[in-house]
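Keep in mind the model is a prediction, meaning the values are calculated, not measured. Convention: sequence-line order gives letters A, B, ...; per-chain numbering from 1. Note: hydrogens, waters and symmetry copies are ignored here, and every other heavy atom, side chains too, is used.
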Number of protein chains: 2
Amino acid sequence: MIQKRTFSIGELSSEFDVTTRSIRFYEDQGLLKPTRRGQTRIFSTKDKVRLKLILRGKRMGFSLAETRELFDLWDETPTGNEKQLLKMLTILSNKRAHMEQQKSDIAMAEMEIDTAEARCREALTELQKKKKQQAPANDEPENIAKKTDNN
Amino acid sequence: MIQKRTFSIGELSSEFDVTTRSIRFYEDQGLLKPTRRGQTRIFSTKDKVRLKLILRGKRMGFSLAETRELFDLWDETPTGNEKQLLKMLTILSNKRAHMEQQKSDIAMAEMEIDTAEARCREALTELQKKKKQQAPANDEPENIAKKTDNN
DNA sequence: CAAATACTTTACGTTAACGTAAACTTACTC
DNA sequence: GAGTAAGTTTACGTTAACGTAAAGTATTTG
């Protein structure tokens, strides 16, 4: 046995930390296509992979409809005609552009977070100074009072 | 005059390609704080900067509520007490983690897009071959038809 | 001064992506 | 065989982020 081939909805739910409601919703929207044993859903590894892609897509800001469109196109790719394939290439190119935008956004945000953190730490040490001035000339070590919980 | 100091809602709307409805909504949610001349909104450069941050935040998957919370915290930072500042540092740390996740997501997506594109191009050249077979026996060199644009 | 242009408020409508509740079926297990 | 755990369907509810329409004001322009 190379791999467990099927999964219950509960297994996927807990593995990816997503509600069963969501998983059923994704099926309803045509993103997952589990088979059935009786009325119980049985998910393949392909479904599992797709679920992972759905969630990553969400984190990247894609709607379910977009992701679904990608899945459908991808399924048609091996048998696709020239027009389909060219459409796929265009979409891929668009995704790339989207990702470049995101990388740029992230880079700028990172810089700003750096300066924000610096400003914060500065304000903190400023507070420490004032504390010292208010409680002057004391031979007990200060760092006992300076304990901070970093939660 | 160093810079134009104020902006109308229409100016911001066209500059950032966002509807006036959205801008008013952002004000309503406490993200922008334009002054008024009569009942007409007058936006400062600070508002303009914040609008840019709002939009970038959206592209990064932040809700307006999250962005608003950041703005509020940021405003309190210079006068903040220790607790406030530590909270800010925690949030900044969370944002960083979020961005690391995103960078990882993007990196994986980029690889998959690469292979998807390769698969597409392969399918395309496969189609070309079949076309040639239907219009056979030609002494022109093959590589003219095999040209690919690597964009 | 009339018409066009750029604003404004109020308020109901819409879409995506689920949450939540109720009522039901299977499958085990004590 | 009663309970409980995991699954199911149906269907109404909810939230965020605006869209859209109506009706009014203020200023500019031909």
Side-chain angles (χ1 to χ4, degrees), chain A residues 4-44 47-48 50-72 98 101-102 105, chain B residues 4-44 47-48 50-72 95 98 102 105:
Chain A
K4 194 186 180 191
R5 286 240 153 280
T6 67
F7 311 86
S8 75
I9 196 171
E11 287 172 318
L12 291 186
S13 167
S14 61
E15 172 163 359
F16 292 106
D17 193 31
V18 60
T19 67
T20 60
R21 175 66 178 92
S22 296
I23 295 179
R24 293 197 190 98
F25 183 74
Y26 299 152
E27 179 191 7
D28 199 59
Q29 301 299 302
L31 290 153
L32 300 177
K33 322 220 164 165
T35 60
R36 302 282 180 133
R37 201 185 63 198
Q39 62 175 4
T40 301
R41 273 163 261 253
I42 301 194
F43 295 89
S44 65
D47 287 315
K48 189 176 162 184
R50 295 216 155 172
L51 181 50
K52 189 186 290 187
L53 290 175
I54 292 168
L55 299 176
R56 194 177 68 198
K58 292 198 65 181
R59 291 195 301 270
M60 294 181 66
F62 296 144
S63 71
L64 295 182
E66 279 175 298
T67 302
R68 188 219 144 110
E69 202 187 353
L70 268 183
F71 285 176
D72 291 350
H98 182 112
Q101 167 73 279
Q102 281 196 138
D105 284 338
Chain B
K4 195 186 179 191
R5 285 239 153 281
T6 68
F7 310 87
S8 76
I9 195 172
E11 286 171 318
L12 291 186
S13 166
S14 61
E15 174 163 356
F16 291 106
D17 194 31
V18 60
T19 67
T20 60
R21 176 67 177 92
S22 295
I23 296 179
R24 292 197 190 97
F25 184 73
Y26 299 153
E27 179 192 6
D28 200 57
Q29 301 299 303
L31 290 154
L32 301 176
K33 321 221 165 167
T35 60
R36 302 284 179 130
R37 202 185 65 198
Q39 64 175 2
T40 301
R41 273 163 262 254
I42 299 194
F43 295 90
S44 66
D47 287 315
K48 190 176 161 183
R50 295 215 153 172
L51 181 51
K52 190 186 290 188
L53 290 176
I54 292 168
L55 299 177
R56 196 176 69 197
K58 292 198 64 180
R59 290 196 301 269
M60 295 180 65
F62 297 144
S63 73
L64 294 183
E66 278 174 299
T67 301
R68 188 218 145 111
E69 202 187 354
L70 268 184
F71 285 176
D72 291 351
K95 298 283 170 193
H98 182 113
Q102 282 196 136
D105 285 337

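- Contact annotation: A:Ser8 reaches the phosphate of D:dG7 (side-chain N/O to OP1 or OP2, under 4.0 Å).
- Residue A:Phe25 has its side chain nearest to C:dC18 when only D:dT8, C:dC18, D:dG24 are considered.
- With rounding to whole Å, B:Leu32 atom CG is found 15 Å from D:dC18 atom C1'.
- A:Glu27 pairs in a salt bridge (Lys or Arg N to Asp or Glu O under 4.0 Å) with only one of the listed residues (A:Arg21, A:Arg41, A:Lys33), which is A:Arg41.
- Counting only distance, with no hydrogens or angles, the side chain of B:Thr40 and the backbone of B:Arg36 share no donor-acceptor pair below 3.5 Å.
- Comparing atom distances between the B:Tyr26 side chain and each of C:dA17, D:dC18, C:dC7 picks out D:dC18 as nearest.
- Candidate nucleotides C:dT8, C:dA17, D:dC18 were compared by shortest atom distance to the side chain of B:Thr40, and C:dT8 ranks first.
- Straight-line distance from the CZ atom of A:Arg68 to the P atom of C:dA17: 13 Å, rounded to whole Å.
- If you check every strand for non-hydrogen atoms under 4.0 Å, B:Arg36 touches sugar and phosphate atoms only.
- Taking atom CD of A:Gln39 as the reference point, atom P of C:dA23 lies 18 Å away to the nearest angstrom.
- Between C:dT8, D:dC18, D:dG7, one nucleotide has an atom nearer to the side chain of B:Arg41 than all others, and that is C:dT8.
- Contact annotation: the side chain of B:Lys95 never approaches that of B:Met60 to less than 4.5 Å [non-hydrogen atoms, C-beta and beyond].
- Rounded to an integer number of Å, the gap from B:Glu27 CD to D:dC18 C1' is 15 Å.
- Between B:Ile9 atom CD1 and C:dA6 atom P there is a gap of 13 Å when expressed in whole angstrom units.
- Picking from D:dT20, C:dA17, D:dA17 the nucleotide with the shortest atom distance to the side chain of B:Arg21 gives D:dT20.
- Contact annotation for A:Thr20: no contact, since no heavy-atom pair falls under 4.0 Å across all strands.
- Here C:dC12 presents its P atom at 15 Å from CG of B:Asp28, a figure rounded to the nearest Å.
- Between B:Thr19 and the phosphate of D:dG19, there is a side-chain N or O to OP1/OP2 separation shorter than 4.0 Å.
- One finds a salt bridge joining B:Arg68 and B:Asp72 here, because a Lys/Arg side-chain nitrogen approaches an Asp/Glu carboxylate oxygen to under 4.0 Å.
- The CG atom of A:Leu64 sits 16 Å away from the P atom of C:dT15 (whole-angstrom rounding).
- Rounded to a whole Å, the CD1 atom of A:Ile23 is 11 Å from the P atom of C:dC18.
- Distance from the side chain of B:Lys58 is smallest for D:dA17 among the nucleotides D:dT8, C:dC18, D:dA17.
- Judged by distance alone, the side chain of B:Thr6 and the main-chain N or O of B:Ser44 form no donor-acceptor pair under 3.5 Å.
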